[in-house]
A.B. asks: 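One structure is given below, represented as C-alpha cells, and several questions about it will come after.
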2 protein chains.
Amino acid sequence: MTHDMVRPGGRTARVREAVLRAAGDLLAEGGLDHLDLGEVARRAEVGRTTVYRRWGTPAVLVADLLAEMAETSLPRTETGSLLGDLTANARLVQRTLADPRQGALFKALIAAATCDARTAEALHRFYEIRIDEWAPCVAAAVERGELPAGTDAREVVRAVSAPLYYRLLASGDPVDEAAADRAARAAVAAATAGAYGPTRC
Amino acid sequence: MTHDMVRPGGRTARVREAVLRAAGDLLAEGGLDHLDLGEVARRAEVGRTTVYRRWGTPAVLVADLLAEMAETSLPRTETGSLLGDLTANARLVQRTLADPRQGALFKALIAAATCDARTAEALHRFYEIRIDEWAPCVAAAVERGELPAGTDAREVVRAVSAPLYYRLLASGDPVDEAAADRAARAAVAAATAGAYGPTRC
DNA sequence: CGACTAATGGAACTGGAGTACCGTTATGAC
DNA sequence: GTCATAACGGTACTCCAGTTCCATTAGTCG
C-alpha cells in the first residue's frame, strides 16, 4: 500500500488548532455544559461534521485540549530559597486561577474530568507534568539541608496548590495573593516539621 | 383570599425526597452529564412533568440537593488534642471521598457548581457550614496555647480538607488514610509555625 | 505536474430531551 | 363531610443536537 498513511500535514493541524482554541474559549465563557460541538464548529469556522467525526463528544475534545496544554510548559524561576521558590509557584497558580478566563477554563476542565475517565487521565497527566517541573525546587532544598532528608518533594509542591484549588472549587473564597503566600508559607512550615517525610512507625 | 397559600404537606415533601434521592444516585453512578431529568423522574417513580416543573434544570436540582445535605449535620468527636481532632476530621473527609458512592457524588456536585452560579452558592454554603462545625477544635487549641493567638481557625480546618480534595479532583492520587493523616499533621505543623496567623508587615 | 485518497464540509434526516396542555389527585380550610 | 385549589401525571407536540450520506478540497507521492 503506497498511499496508506496518516496525514499530519497543514490543514488537519490548522483545523485542530482552531477547534481547540474555540473549545477553550467556550469553556472559559460558559462552563462545561455550554460546550456545544456545533457552536465550537461555528466559532472555529470549521464544518460541524468535522468536529463530530474527529472528536465526537465534549469529553474527548476536552481531553485533547488538556493534552495540548500539557505540552506547553511554563518557565520556572529560581530564587535560591525554598520559600521564595514556592511563593513564586503559588503566585503563578494564583494568577492563573484568579484570571477570569483561565480560572473559568480550569474549573471547566476539572468538571469535564469528573464526567469521563479518559478526560480524567489527561487531567492527571497534566498535573503530573506541572508538579514534576517544580519538584526540583524542593529536592534542592533537601540537598541544602533546609528540609529533612526523605521529604517527598512532589507532595510538597502539591501542598502549595491544594489550598488554592480548594478555594476555587469548593469553598468559593477568593484566590488572592494573600492566599497564595499563606499556602507557600504553610507548605514550607509543614515540610520543615517533617510532615512530608517518610512515614514513621 | 382564603385558600391562597403554599402546601408543604405530605405528598409534596414525599416527591421531593424521592426525587433528591434519585438525583443523588444518578450523580453518584454516572456523574453530572448522566443527570437526565427524565431518568430521575423514572427512578423516583414520579411524573416527568413534575420534575421539569419544580426543578426545570439539572443545576437547580443539584442546588436543592446541596441545600438538603447542608441541613443534615454530622456528629463531631472531641479527642482533646488538636492533632487528634484534625486527624479525626481528615479521616472523616477521607472516608467520604474514598467511598465509591459518596466520592463520585461529591465530584459531581463540584462539577455542577462550576456550571451554575446558584449551584455554586449552595455548594459554598454547604462547606461554610461544615467548616464552622470543626473550627471550634482549632479555637480551643488556641485557648489551650497550642497555637499562636490570632490563628484563623476556619483556615486551618480548610487546610486539612484541601489536599484531599486536590487528590480527588486534580491529581488523581489515591485519597487514602495516609494522605488524611499527613494532611492533619501538615495543618498542625503549619498552624503551630504561625502560617495561619494574622498577616505581618 | 498529475494521480490518489485522507480529510473536510454541506444538506437532509432522525431520535429524544424539553414543553404545552389539560384532566386527575390529594391537601387544607371551614 | 364538602369545597376550592395547589400540585401531580399522562399525552401529544416541538425543536435541535447528533448522525448519515455524498460531493468537494487539499495534502502526499511518484
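Chain letters run A, B, ... following the sequence lines, proteins first and then strands; every chain starts at 1. Only a predicted model underlies this, so the values are computations on that prediction, with no experimental measurement involved.
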A.B. asks: Nearest to the side chain of A:Arg53, which nucleotide is it out of C:dA17, D:dG10, C:dG9?
C.D. replies: C:dG9
A.B. asks: Just how far, in rounded Å, is P of C:dA7 from OH of A:Tyr52?
C.D. replies: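 My rounded result for the distance is 21 Å.
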A.B. asks: Remember a base hit wins even if backbone is also touched, and classify A:Arg54 as base, sugar-phosphate or nothing at under 4.0 Å, heavy atoms.
C.D. replies: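 Sugar-phosphate contact only.
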A.B. asks: Between B:Asp85 and B:Thr79, does any side-chain donor sit less than 3.5 Å from a side-chain acceptor?
C.D. replies: yes
A.B. asks: Between D:dG9 and B:Arg48, counting only base atoms on the nucleotide and side-chain atoms on the residue, is there a donor-acceptor pair under 3.5 Å?
C.D. replies: no
A.B. asks: To the nearest Å, how far apart are A:Asp36 CG and D:dA17 C1'?
C.D. replies: 7 Å
A.B. asks: Side chain of B:Thr12 only, please: which of D:dG27, D:dA7, C:dG9 is the nearest?
C.D. replies: D:dA7
A.B. asks: In whole angstrom, what separates B:Arg42's CZ from D:dG10's C1'?
C.D. replies: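 Rounded to whole Å, this separation is 17 Å.
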A.B. asks: Looking only at heavy atoms, what is the nearest atom pair of A:Leu164 and A:Val175, with distance?
C.D. replies: O-CG2, 3.9 Å
A.B. asks: CH2 of A:Trp55 versus C1' of C:dA7: gap in Å, rounded?
C.D. replies: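 To the nearest whole Å, that distance equals 11 Å.
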A.B. asks: Take the protein atom CG of B:Asp33 and the nucleotide atom P of D:dG18, then report the distance between them rounded to whole Å.
C.D. replies: 11 Å
A.B. asks: Of the listed nucleotides (C:dT8, D:dG27, D:dG9), which one gets closest to any side-chain atom of B:Val46?
C.D. replies: D:dG9
A.B. asks: For residues 98-111 of chain A, tabulate all N or O donor-acceptor pairs below 3.5 Å that involve a side-chain atom, not counting sequence neighbours.
C.D. replies:
residue, atom, partner, partner atom, Å
A:Asp99, OD2, A:Arg101, N, 3.3
A:Asp99, OD2, A:Gln102, N, 2.8
A:Arg101, NH1, A:Asp25, OD1, 2.4

A.B. asks: Let me know the distance between CD of A:Glu39 and P of D:dG18, rounded to the nearest Å.
C.D. replies: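 Whole-Å distance recorded here is 12 Å.
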A.B. asks: Can you check whether A:Thr49 has a side-chain N or O nearer than 4.0 Å to OP1 or OP2 of C:dT8?
C.D. replies: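 Negative; the distance criterion is not met.
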A.B. asks: Less than 3.5 Å apart, which donor and acceptor atoms pair up between the side chains of residues 30-41 of chain B and the rest of the protein, not counting sequence neighbours?
C.D. replies:
residue, atom, partner, partner atom, Å
B:His34, ND1, B:Gly30, O, 2.9
B:Asp36, OD2, B:Gly38, N, 3.3
B:Asp36, OD2, B:Glu39, N, 3.2
B:Glu39, OE1, B:Arg42, NE, 3.4
B:Glu39, OE2, B:Arg42, NH2, 3.2

A.B. asks: Would you say the side chain of B:Arg11 and the base of C:dT25 hold a donor-acceptor pair, judged only by whether the two atoms sit under 3.5 Å apart?
C.D. replies: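 Side chain to base: pair found, below 3.5 Å.
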A.B. asks: Starting at the 5' end of DNA chain D, which residue's closest nucleotide do you reach first, B:Arg16 or A:Pro58?
C.D. replies: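 Of the two residues, B:Arg16 wins.
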A.B. asks: Any side-chain to backbone donor/acceptor pair from B:Thr151 onto B:Pro148? Under 3.5 Å, distance only.
C.D. replies: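 Yes.
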A.B. asks: Hey, does the side chain of A:Arg14 come within less than 4.0 Å of D:dG27's phosphate (OP1/OP2), counting only N and O?
C.D. replies: yes
